[in-house]
2 protein chains.
Amino acid sequence: MTEGVPERAQNMVAESVAGGVRRNSEATRAAILRAARHRFAADGYDRATIRAIAADARIDPSMVMRYYGSKENLFATAAEFDLRLPDLSDVPADRLGLALVSYFFTRWEGDSTLPALLRTASTNPAGAERMRAIFTTQLGPAVARMVADPDEAPRRAGLVASQLLGVALTRYVLRLPPMVDITPAELIDWLAPTIQRYLRDPTPPFVDHEVSGRNRDRTCH
Amino acid sequence: MTEGVPERAQNMVAESVAGGVRRNSEATRAAILRAARHRFAADGYDRATIRAIAADARIDPSMVMRYYGSKENLFATAAEFDLRLPDLSDVPADRLGLALVSYFFTRWEGDSTLPALLRTASTNPAGAERMRAIFTTQLGPAVARMVADPDEAPRRAGLVASQLLGVALTRYVLRLPPMVDITPAELIDWLAPTIQRYLRDPTPPFVDHEVSGRNRDRTCH
DNA sequence: ACGGTATGCCAACGACTGTTGACTTCCCAA
DNA sequence: TTGGGAAGTCAACAGTCGTTGGCATACCGT
């Protein structure tokens, strides 16, 4: 009565696979990758354990190492991130904000990669570096093609990122109720003017705020 | 020559305290709390270890437990978070955005509690719940006093949070270069109109976007 | 039929974590 | 002077993690 039962895996949310059959290499590689994406998205890099990913893929943890070498390498390929920004060169300049916001929602609502990246980049330095790289190599150049003055592109791209990532954060990660309940269509109507302004409007201050001409310096209240 | 040296703590960023003197209870409690705030802000809940916090405070890890009971309890008191939103009831309605943005910057630029909360809420469910609580009990009511229609308060508060937290995320956590380099004053000029619109402007769409009247549904492109 | 190879499981290592309890050291009041 | 309690140290427990190597089983070309 040594009770040496190794605790059967009875995870309800696991890959569906007939009992005991063998899969070919490609299938398990894909299964691992899919489980990894889900776990990284739900828990972030640190809390997503190799053991949990393996359990979801109905496989031994050692197989993950065999196929992907290390956890860091697994994350690197799981979080391969291509914004796949479409060509917006034929969109009229005054509709760029609407086009960009619409596209980002069609991209995010069904893809949990961004929350995964967000969760990871918040705590993992390598994740943050990856986020900065995506910003520099993908969003940056795309925004550069939309703005009037190329010198202002990085700054405007940063502002766009602050609003779009803020929405992703509050809606998908923090799950603030009002941001979860609102429909994508309504959200697009609210956000499009903001993004449009960050992309195309002249640098503020447009006019000196209101009539009372004192307190020119608004930095520290 | 058993080499049993227990590895002296030679952390350069540790609490400065004369060698070997004893402190009273209050002093070490405060030292622990200060070290905890720094560590939680820099690393988030999971990666900030009790041992590292204790080392920063030049103290044994067991003392942290003696004074605060558990890591979760320590975080709870370290991340005690009061937005300390000022009374904006005498601010004219068309300057509320500017006032709110200005205030948030004077609050954040010198306080690392928000990054700590952000890093933690991204991965820790309890942290996310705390974030939602802050939103509901502090930002929500404050925004409710600023908007015209009380029924729209939660939604508008959510939009405000999405932009402000997005700035905190990109500037303090992800540290996207353009968002780090920009000065608070410039950032305020960019953000104030956005927040102002989220607070006070009528619900969009203001007008049917442009002339071409087709594609009413912009949800899925 | 057979041997090699691909696929997979099992048990364990070493490191690190939060947490605990016993022990030492010092100050201060009686 | 002497005890008691506060302040702090030390070593260890129990658990989890990424990672490793050895071993079993199934497939397939010859």
Side-chain angles (χ1 to χ4, degrees), chain A residues 2-11 14-15 17-32 35-36 39-40 43-76 78 120 123-124 126, chain B residues 2 4-9 14-15 17-33 35-36 39-40 43-76 78 120 123-124 126:
Chain A
T2 44
E3 199 75 35
V5 183
E7 161 188 337
R8 280 156 299 179
Q10 46 188 6
N11 197 328
E15 292 281 326
V17 62
V21 292
R22 284 161 71 105
R23 298 173 285 194
N24 60 0
S25 167
E26 291 300 316
T28 61
R29 274 190 80 95
I32 292 172
R39 283 288 178 180
F40 282 134
D43 304 333
Y45 184 82
D46 291 305
R47 296 172 93 89
T49 68
I50 295 263
R51 284 171 164 85
I53 292 170
D56 285 358
R58 289 208 176 280
I59 227 172
D60 190 85
S62 63
M63 295 303 293
V64 178
M65 305 304 297
R66 192 191 285 288
Y67 281 125
Y68 290 95
S70 70
K71 182 182 182 180
E72 199 155 343
N73 199 301
L74 172 62
F75 176 77
T120 300
T123 53
N124 192 295
Chain B
T2 44
V5 184
E7 161 188 338
R8 278 155 300 177
E15 292 282 325
V17 60
V21 292
R22 286 162 70 105
R23 298 173 285 195
N24 60 358
S25 166
E26 291 300 316
T28 61
R29 275 190 78 95
I32 292 171
L33 203 60
R39 282 288 177 180
F40 283 135
D43 303 335
Y45 184 83
D46 290 305
R47 296 171 92 89
T49 68
I50 295 264
R51 284 173 164 84
I53 293 170
D56 285 358
R58 290 207 175 278
I59 227 171
D60 192 84
S62 63
M63 296 302 293
V64 178
M65 306 303 299
R66 192 188 284 290
Y67 281 126
Y68 290 95
S70 69
K71 182 183 183 180
E72 197 154 346
N73 199 302
L74 172 62
F75 177 77
T120 301
T123 53
N124 191 294

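Labels below follow one simple rule: chain letters A, B, ... track the order of the sequence lines, proteins then strands, and each chain is numbered from 1.
At a threshold of 4.0 angstrom between heavy atoms, the contacts of Y68(B) with the nucleic acid are absent. At a threshold of 4.0 angstrom between heavy atoms, the contacts of S62(B) include nucleobase atoms, whether or not backbone atoms are also involved.
Between the CD1 atom in I32(A) and the CZ atom in R66(A) there is a gap of 10.5 Å [rounded to 0.5 Å].
Spacing between atom CG of N73(A) and atom P of dT20(D) amounts to 12 Å, rounded to whole angstrom units. Rounded to a whole Å, the CD1 atom of I59(B) is 16 Å from the P atom of dA6(D). Atoms CD (E72(B)) and C1' (dT19(C)) sit 14 Å apart, rounded to a whole Å. A straight line from NZ of K71(B) to P of dC16(C) spans 15 Å, rounded to a whole angstrom. As rounded to whole Å, 16 Å separates atom P of dA22(C) from atom CE of M65(B). The distance between atom CE of M63(B) and atom C1' of dG18(C), rounded to the nearest whole Å, is 17 Å.
The shortest side-chain heavy-atom distance between T120(A) and D46(A) does not fall under the 4.5 Å cut-off.
Side-chain contact, T28(A) with Y67(A): a donor N or O sits under 3.5 Å from an acceptor N or O.
Dashed line: the shortest gap from a side-chain N or O of T28(B) to OP1 or OP2 of dG8(D) is under 4.0 Å.
Stacking of R39(A) on the aromatic ring of Y45(A) is not recorded, the 6.0 Å distance cut-off and the 45° axial limit not both being met.
Along DNA chain D, the nucleotide closest to R47(A) and the one closest to R66(B) are compared, and the more 5′ of them pairs with R66(B).
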